[in-house]
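Everything numeric in this text was worked out from a predicted model, so none of it was measured. Order of listing sets the numbers, starting from 1, for every ligand and every atom in it.
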Amino acid sequence: FLRHNDHELRASKLIAEWPVRENVPDPDPIGVVHFEGADPVFALAEHAKEIHIFRPEPATDEFQRLIEESSGVPASTVAAVPLVSGEITTGVLGFVKYGDRQWHPDELNALKAIASLFAQVQARVEAEERLRYLAEHDDLTGLHNRRALLAHLDARLAAGQPGPVSALYFDLDRLKAVNDYLGHTVGDWFIRVLAERLREGAGPDDLIARLGGDEFVVVPSGPVDADAALELANRLRSRLQQQVCVDGEMLTRTASIGVAQGTPGRDTTSDLLRRADQAVLTAKSAGGNQITVFTDDMSLEAEFRNDIELHLQSVIQDEALLLHFLPEVDMRTGEILATEALVRWHHPTRGLLAPDTFIGVAESVNLAGELGRWVMRTACGEFAKWRAEGIGLDAVLRINVSPVQLVTDGFVASVADIIDEFGLDGSSVCLEITESVVVQDIKTTRITLEGLNEVGVQVAIDDFGTGYSVLSHLKTLPVDTLKIDKGFVQDLGNSPGDLAIVRAIIALAEAFGLQLVAEGVETEAAALTLLRHGCHRAQGFLLSRPIPSNEMRELLARGRIPMRFSATP
Ligand code: C2E
Ligand code: CA
Ligand code: CA
């Protein structure tokens, strides 16, 4: 017989025997035997390193009785050869002789040789299994990895397999910030907790893969239609949303989920994943924290992009662009400290378009530079006009700069020209750049920012907290202001996790002597929370929506917005 030692269970398990006993009772009394309190034949097997010969006394011995009962033959002698791997006894190979006999040294040596062969084969199989495991799993969470996911989907989508096959694509909203402000250990731990929640919430045979970062894919086992997939997505989403306690901080992160189906024999793995990815992008761009099922309409979105691309070529000449302005306020007094220029496009058939719909397209067709120059000239022109009337003399004009623009040759010179052209003081103009671009090409960015510094304009880091952290560069880059991304501010009244991050950013700004502006103040609760923690500059729908140029002029002339909430609690 061959038995395996389960050291976790502290038991010996029967793996194989020959000849196979007949009429084995169920459960088999010698199937799984716990070492503790077991007959010496089993008990010794736990750590044995040497061969043992047992000659049990008939009728007094439990093992003897078992063998006799189950085989009907009186047993006499057992040679038990341990299987040893390193320091560990992994099992035992046993030979039973019915009737007494002497075991010759040659025989024992042969048994030892067999046992050592077994042990070697076993070690090798285990090593191979471990390698296969590593090749198919993610280190951090123990979930499957991308490679395993692709292989699984390839098999599931093969012709003749049952369909439809569903995939749920999870993208955690703003998880990056947890890493950046609370540290990587916390971030890793957080991801592990979320992975565990997915595992608990999914079916036992569902495949769960982590694609790296904060992206996960769940493939339900068996054919699953859109409704059932949506139901699973809902279930998993509510699990993920439960709070996690980290270092005494309660964190919550929402997830965007894209759901898609594929038909075996017709769709490929990449079709299915592309659909799920497109669905999750739609969920994210709709503000995150939602589930989107892929529809054919999403292909229409691609068409929409094409259409925009087509019209955008002529838009700059056609005077179809305009600017709205968003005031920035001191929430303690209502005083207007700055105004941010936000571009709009009056599209011939689609109406007034927000910048998110066309800036990306403009960048992809190399129009970003031209568009950026238009915005800069128009915004500076308006601002200079107001100032000439004595309006907004203490306010700062904020202008968004696209990442592509920032790394374009001659950018600094064109900024200097425009400032000059309108006779503006550099320090009353602030350019806003996003965090991710700063870090992507830190060398070019540094040169550009130093150039801007010489021109005298200010620089703000926009959407701070969402991108790749500039933390490590903050100390040495010529930056004046951080704008806390609205994602952390919108829900500030009731999200302790967001508050932890906002507090960390406030402390950071203080430490580096930077101005701080909160974006996306929508509720009084958020405003009061910010004030309480020492951040009083803010923008947001609670204070004002973006307004047309003439309204901005009037607002600046008045100088303040009445604050309807009280800063003193
Ligand atoms: P941003 O620079 O973060 O601008 C703030 C955006 O947040 C604006 O959207 C504004 O309307 C919106 N917003 C302000 N307060 C609130 C609030 O309380 N709640 C919510 N939910 N939203 C609020 P908008 O105008 O659609 O602009 C979107 C983005 O497009 C801007 O984000 C900016 O990155 C980019 N953008 C706008 N104008 C330009 C431009 O002239 N050039 C470039 N390169 N990018 C621009
Ligand atoms: Ca901005
Ligand atoms: Ca922003």
A.B. asks: Is ligand 1 less than 4.0 angstrom away from at least one heavy atom of H324?
C.D. replies: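 No, H324 has no heavy atoms under 4.0 Å from ligand 1.
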A.B. asks: In D463, the N, O or S atom nearest to the Ca ion (ligand 3) is which?
C.D. replies: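 Distance check against the Ca ion (ligand 3) picks out OD1 in D463.
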A.B. asks: Tell me: protein heavy atom nearest atom 45 (N) of ligand 1, and distance?
C.D. replies: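 Protein heavy atom at minimum distance: I359 CD1, 3.3 Å.
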A.B. asks: Are D214 and D171 close enough that some pair of their side-chain heavy atoms sits under 4.5 Å apart?
C.D. replies: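 Of all side-chain heavy-atom pairs linking D171 with D214, at least one is under 4.5 Å.
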A.B. asks: Give the atoms of ligand 1, by number and element, whose distance to some non-hydrogen atom of L326 is under 4.0 Å.
C.D. replies: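 Within the 4.0 Å cut-off of L326, ligand 1 contributes 14 (C).
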A.B. asks: At less than 4.0 angstrom from any non-hydrogen atom of D463, what atoms of ligand 1 do you find?
C.D. replies: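 Counting atoms of ligand 1 from 1, those under 4.0 Å from D463 are 3 (O).
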A.B. asks: For atom 41 (O) of ligand 1, state which one of V401, V521, V375 supplies the nearest heavy atom.
C.D. replies: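 Residue with the shortest heavy-atom distance to the ligand atom: V375.
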A.B. asks: List the closest protein heavy-atom neighbour of atom 8 (C) of ligand 1: residue, atom name, distance to the nearest 0.1 Å.
C.D. replies: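 Checking every protein heavy atom, the shortest distance to atom 8 (C) of ligand 1 gives L342 CD1, 3.8 Å.
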A.B. asks: Pull out every atom of ligand 1 sitting under 4.0 Å from any heavy atom of G520, numbered as shown with elements.
C.D. replies: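 Under 4.0 Å from G520, ligand 1 has these atoms: 16 (C), 17 (C), 18 (O).
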A.B. asks: Do the side chains of E370 and R373 get close enough for a salt bridge, i.e. N-O under 4.0 angstrom?
C.D. replies: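 No.
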A.B. asks: Report the nearest protein non-hydrogen atom to atom 5 (C) of ligand 1: residue, atom name, distance rounded to 0.1 Å.
C.D. replies: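 For atom 5 (C) of ligand 1, the nearest protein heavy atom is K486 NZ, 4.0 Å.
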A.B. asks: Can you report which non-hydrogen protein atom sits closest to atom 34 (O) of ligand 1, along with the distance?
C.D. replies: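 Closest protein heavy atom to atom 34 (O) of ligand 1: N400 OD1, 4.3 Å.
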A.B. asks: Within a strict 4.5 Å, meaning less than it, do heavy atoms of the L556 and F325 side chains meet?
C.D. replies: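 The answer is no, as the side chains (C-beta and beyond) never meet within the 4.5 Å cut-off.
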A.B. asks: Taking the non-hydrogen atoms of R545, is any one of them nearer than 4.0 angstrom to ligand 1?
C.D. replies: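 No, R545 has no heavy atoms under 4.0 Å from ligand 1.
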A.B. asks: State whether the shortest distance between N or O atoms of Q405 and N or O atoms of ligand 1 falls below 3.5 angstrom.
C.D. replies: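 No; every N/O pair is 3.5 Å or more apart.
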A.B. asks: Identify the protein heavy atom lying closest to atom 3 (O) of ligand 1, giving its residue, its atom name and the separation to 0.1 Å.
C.D. replies: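 Ranking protein heavy atoms by distance from atom 3 (O) of ligand 1, first comes E519 OE2, 3.1 Å.
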A.B. asks: Who's the nearest protein heavy-atom neighbour of atom 37 (C) of ligand 1, and how far?
C.D. replies: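 Here the closest protein heavy atom is P355 CG, 3.4 Å.
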A.B. asks: Which atoms of ligand 1 are found less than 4.0 Å from any heavy atom of D356?
C.D. replies: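 Answer, ordered by atom number: 28 (C), 29 (C), 30 (O).
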A.B. asks: Under 3.0 Å from the Ca ion (ligand 2), is there any N, O or S atom belonging to D462?
C.D. replies: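 Looking at D462, which is the residue asked about, there is an N, O or S atom under 3.0 Å from the Ca ion (ligand 2).
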A.B. asks: Return a yes/no value for Q539: is any of its N or O atoms, backbone included, closer than 3.5 angstrom to an N or O of ligand 1?
C.D. replies: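 Checking ligand 1 against Q539, no N or O pair falls under 3.5 Å apart.
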A.B. asks: Considering the heavy atoms of S402, write down every atom of ligand 1 situated less than 4.0 Å from one of them.
C.D. replies: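 Near S402, meaning under 4.0 Å from one of its heavy atoms, ligand 1 has 44 (N).
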A.B. asks: Of the protein's non-hydrogen atoms, which lies at the shortest distance from atom 22 (N) of ligand 1, and what is that distance?
C.D. replies: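 Nearest neighbour among protein heavy atoms for atom 22 (N) of ligand 1, to 0.1 Å: F541 CZ, 3.3 Å.
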A.B. asks: State the atoms of ligand 1, each with its element, that fall below the 4.0 Å cut-off from a heavy-atom position in Q490.
C.D. replies: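 What qualifies from ligand 1 is 19 (N), 20 (C), 21 (N).
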A.B. asks: Of the protein's non-hydrogen atoms, which lies at the shortest distance from atom 38 (N) of ligand 1, and what is that distance?
C.D. replies: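 Here the nearest protein heavy atom works out to V343 N, 3.2 Å.
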A.B. asks: Look at E432 and state whether any of its N, O or S atoms is less than 3.0 Å from the Ca ion (ligand 2).
C.D. replies: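 So E432 does bind the Ca ion (ligand 2) by this criterion.
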A.B. asks: For E522, counting its heavy atoms only, list the atoms of ligand 1 lying under 4.0 Å from any of them.
C.D. replies: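 Counting from 1, the qualifying ligand atoms are 17 (C), 18 (O), 19 (N), 20 (C), 21 (N).
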A.B. asks: Determine, for R377 against E421, whether the closest basic-nitrogen to carboxylate-oxygen distance falls under 4.0 angstrom.
C.D. replies: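 Yes.
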